[in-house]
Structure formats: structure tokens, C-alpha cells
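Take a look at the structure set out below.
The first residue in the sequence is number 1, and the count goes up from there.
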Amino acid sequence: GVVNPFIWAIAIFLGVLLGSAYTAYHVVGPVHRIEEWLLCWLAGQNLMPLQTRGGDAYLSLIGLINALYRVARKKKQRDSF
């Protein structure tokens, strides 16, 4: 039989909703946290390395940012003596 168009509309809506939630959690969330963390670093705040959540996108970028932060912190400590 033919599936009711209303059922198709609900299925499409739920698919879009789930896709949006996935994108927000795994892509937009990390980008927002990276941006906020970098702004705090530029403001001179003493920070812990950038944290990740399971399934985050951009893990290699976060690793590079953390490595750069560690180098900058070590350099700042050396320069302060």
C-alpha cells in the first residue's frame, strides 16, 4: 500500500531533527567550546587544556591547540625568571 503522506512528513521531520541534534552536539558544540577557550586564552586567563567529549569532531585540531598552549605556557614560565 501507499504510505500516508502525513507519516512521510513526520518521518522526514524526525530525521531532520535527529540530524540537527547530532550536528549540534558533535560539530557546533566543539567549535563553540574552541572559540570560547581561545578568547579566554587571549584575555590572559589561566586555563586548563581544552577538554573534549566523546564523539567530538576536530580532535586533531583540539590536540594541536593544546600542544601550542603547553609550549606557550612553558615559554611564559621561562621568560618570567
- Message: Do Ile62 and Val28 sit in one hydrophobic cluster, given that two such residues count as connected whenever their side-chain heavy atoms are within less than 4.5 Å of each other, even indirectly?
- Response: no
- Note on the structure: Residues passing the side-chain contact (heavy atoms from CB on, under 4.5 Å) test with Arg70, sequence neighbours excluded, are Asn66, Ala67
- Message: Tell me which pairs pass salt bridge (charged side-chain N to carboxylate O under 4.0 Å, His left out) where either residue lies in residues 5-31, with sequence neighbours left out.
- Response: none
- Non-neighbouring partners of Lys76 that pass salt bridge (charged side-chain N to carboxylate O under 4.0 Å, His left out), sequence neighbours left out: none
- Message: Please find the pair of heavy atoms, one from Pro30 and one from Ala57, that lie closest to each other, and give the distance.
- Response: CB-O, 3.9 Å
When the side chains of residues 35-51 are checked against the rest of the protein, which donor-acceptor pairs come out under 3.5 Å, sequence neighbours left out?
{"from": "Trp37", "atom 1": "NE1", "to": "Met48", "atom 2": "O", "distance (Å)": "2.9"}
{"from": "Gln51", "atom 1": "NE2", "to": "Pro49", "atom 2": "O", "distance (Å)": "3.0"}

- Query: Transitively linked via ILVMFWY side-chain contacts under 4.5 Å: Leu59 with Val27?
  - Reply: no
Please set out all donor-acceptor pairs under 3.5 angstrom arising from side-chain atoms of residues 5-26, sequence neighbours excluded.
{"from": "Ser20", "atom 1": "OG", "to": "Val16", "atom 2": "O", "distance (Å)": "2.9"}
{"from": "Thr23", "atom 1": "OG1", "to": "Gly19", "atom 2": "O", "distance (Å)": "2.9"}
{"from": "His26", "atom 1": "ND1", "to": "Gly55", "atom 2": "O", "distance (Å)": "2.6"}

- Task: Please name all residues satisfying side chain to side chain donor-acceptor pair (under 3.5 Å) with Asp79, sequence neighbours left out, ordered by chain then number.
- Result: Lys75
- Task: For Arg53, check salt bridge (charged side-chain N to carboxylate O under 4.0 Å, His left out) against everything at least two apart and list the hits.
- Result: Asp56
- Message: Taking salt bridge (charged side-chain N to carboxylate O under 4.0 Å, His left out) as the cut-off, I'd like each qualifying pair that reaches into residues 2-29, sequence neighbours left out, listed once.
- Response: none
